[in-house]
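Residue numbers start at 1 and run along the sequence shown. Please read all numbers here as calculations on a predicted model, not as lab measurements. Only heavy atoms go into these numbers, but all of them, side chains included; no hydrogens, no water, no symmetry mates.
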Amino acid sequence: MAYTTEQIIEKFSALKVIPVIAVEEAQDIIPLVKTLSENGLPVAEITFRSAAGEEAIRLTRQHFPDVLIAAGTVLTPAQVVAAKNAGADCIVTPGFNPNIVKLCQQLELPITPGVNNPTAIEAALELGINAVKFFPAEASGGVKMIKALLGPYANLQIMPTGGISTANIKDYLTIPNVVACGGSWFVDKALIKAKNWAEIGRLVREAVELVR
């Protein structure tokens, strides 16, 4: 089913933490998403940081029709189209590219673009977008920076990503405008490579407990 941006944000908001995933082997996504779903996180931001991204999205859509799939690190129009055709529900970008945003809007594909300053926020608002990713969160000033930005942009909905961990996720989530945080500590590349689904499952449960 096709979701609206509002529905995507609602789902993010209910989950509070979004796994940001890079798999080197597309097949690894099947046991990984199974582990996420079984431990309380039926969602995956599958990034184009590896060549396996598109195929991983396709496999997730085939095997887990009810899991919410975001395509992450989308940088080009070709990747937008590939993500949509593979079955992604929405697009997440690291920065604000008006051409990518307009293409997603034409395709009726929800997009959460990345921002970390007032200029990018105003560019997003200009195109009718008020739900954004704040990236790289910690390196861009973290909680203090978000609170400062919310002075002039009080209606912004924000998904901080980058440097989020068990140590600081609660600090971000106490800000009312923060709908969810993107994190990768519980879907660590090394654990995926080692196919250590048990440890990933334990970390997912811990993350879910933490944000509830």
Side-chain angles (χ1 to χ4, degrees), residues 8-24 28-29 31-50 52-53 56-57 60 64 67-74 88-95 111-116 131-147 156-194 196-212:
I8 295 283
I9 296 302
E10 223 170 86
K11 283 180 173 287
F12 282 172
S13 186
L15 294 161
K16 299 280 181 231
V17 58
I18 311 302
V20 181
I21 298 163
V23 289
E24 298 304 326
D28 283 344
I29 202 71
L32 179 57
V33 173
K34 184 172 187 283
T35 302
L36 287 167
S37 298
E38 287 175 350
N39 291 286
L41 273 189
V43 59
E45 180 185 321
I46 299 169
T47 66
F48 277 80
R49 287 185 181 202
S50 78
I57 292 169
T60 304
F64 306 96
V67 164
L68 183 66
I69 307 171
T73 321
V74 172
D89 295 304
C90 62
I91 300 290
V92 181
T93 59
I111 177 168
T112 307
V115 302
N116 75 343
V132 294
K133 167 176 166 171
F134 182 68
F135 177 83
E138 278 291 284
S140 301
V143 168
K144 277 176 87 169
M145 181 64 162
I146 291 174
K147 285 180 175 173
L156 215 55
Q157 293 178 297
I158 301 173
M159 183 169 78
T161 304
I164 309 281
S165 68
T166 54
N168 60 18
I169 190 166
K170 281 185 141 171
D171 298 333
Y172 283 96
L173 290 171
T174 55
I175 303 169
N177 299 60
V178 169
V179 291
C181 292
S184 54
W185 77 89
F186 52 94
V187 283
D188 184 71
K189 268 176 136 172
L191 289 173
I192 295 170
K193 200 170 183 184
N196 192 345
W197 314 121
E199 178 59 8
I200 290 172
R202 186 189 72 77
L203 291 169
V204 172
R205 283 193 302 279
E206 184 183 271
V208 168
E209 281 303 306
L210 192 60
V211 301
R212 286 248 157 99

Worksheet item: Where do L68 and F12 land on the side chain to side chain contact (heavy atoms under 4.5 Å, CB included) test, with the steps shown first?
Response: CA-CA 9 Å; L68 183 66; F12 282 172; 3.6 Å; yes
Fill in: CA sep, side-chain torsions, deciding dist, call: L32, V187, side chain to side chain contact (heavy atoms under 4.5 Å, CB included)
CA-CA 8 Å; L32 179 57; V187 283; 4.0 Å; yes
Discussion item. Is there a side chain to side chain contact (heavy atoms under 4.5 Å, CB included) between I21 and E45? Walk through the geometry before answering.
Written reply: CA-CA 6 Å; I21 298 163; E45 180 185 321; over 6 Å; no
Item to complete: Check the pair V74, V92 against side chain to side chain contact (heavy atoms under 4.5 Å, CB included), reporting the backbone distance first and the verdict last.
Response: CA-CA 7 Å; V74 172; V92 181; over 6 Å; no
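To the nearest 0.5 Å, atoms CD (E138) and OH (Y172) are separated by 3.5 Å. For the atom pair CD1 of I8 and CD1 of I111, the computed distance is 12.0 Å after rounding to the nearest 0.5 Å. Summarising the geometry, atom CD belonging to E199 is positioned 10.0 Å from atom CG belonging to D188; distances are rounded to the nearest 0.5 Å. Annotation: the span from T60 atom OG1 to I29 atom CD1 amounts to 4.5 Å, rounded to 0.5 Å. Note that CG of L210 and OG1 of T166 are 6.5 Å apart. Values are rounded to the nearest 0.5 Å. The distance from the OG atom of S13 to the CD atom of Q157 is 8.0 Å, given to the nearest 0.5 Å.
Here the side chains of R202 and R205 are in contact, with some heavy-atom distance below 4.5 Å. Contact check for T112 versus C90: no side-chain heavy atoms found under the 4.5 Å cut-off. Contact check for K133 versus V115: no side-chain heavy atoms found under the 4.5 Å cut-off. Inter-residue side-chain proximity for V67 and L36 is flagged as unmet; no heavy-atom pair is nearer than 4.5 Å. With a 4.5 Å cut-off on side-chain heavy atoms, V178 and M159 do not count as touching.
Residues F186 and L203 come closest through the heavy atom pair CB-CB, 3.6 Å. Considering all non-hydrogen atoms of both residues, A180 and L173 come closest at CA-CD2, 4.1 Å. When all heavy atoms of V211 and L15 are compared, the closest pair comes out as CG2-O, 3.9 Å. The two atoms that bring I146 and P160 nearest to each other are CD1-CG, 3.8 Å, heavy atoms only. Annotation for C181 and I164: closest pair CB-CG2, 4.0 Å, computed over non-hydrogen atoms. Across every non-hydrogen atom of F134 and S140, the tightest pair is CZ-CB, 3.7 Å.
In this structure, N39 contributes its side chain and T35 its backbone to a donor-acceptor pair below 3.5 Å. Side-chain atoms of N168 do not come within 3.5 Å of backbone N or O of D171 as any donor-acceptor pair. In this structure a side-chain-to-backbone donor-acceptor pair under 3.5 Å is missing from D28 to V23. In this structure, the side chain of N177 does not engage the main chain of I158 through any donor-acceptor pair within 3.5 Å. Using modelled atom types, no side-chain atom of K170 and backbone atom of A167 make a donor-acceptor pair closer than 3.5 Å.
Partner W185 forms a side-chain contact (heavy atoms from CB on, under 4.5 Å) with one of I169, L191, V20 and no other, that one being I169.
Partners of S50 according to the side-chain contact (heavy atoms from CB on, under 4.5 Å) rule, which considers only residues two or more places apart in sequence or in another chain, are E24, A52.
Residues K34 and E38 are paired through a salt bridge, judged by an N-O separation under 4.0 Å between the basic side chain and the carboxylate.
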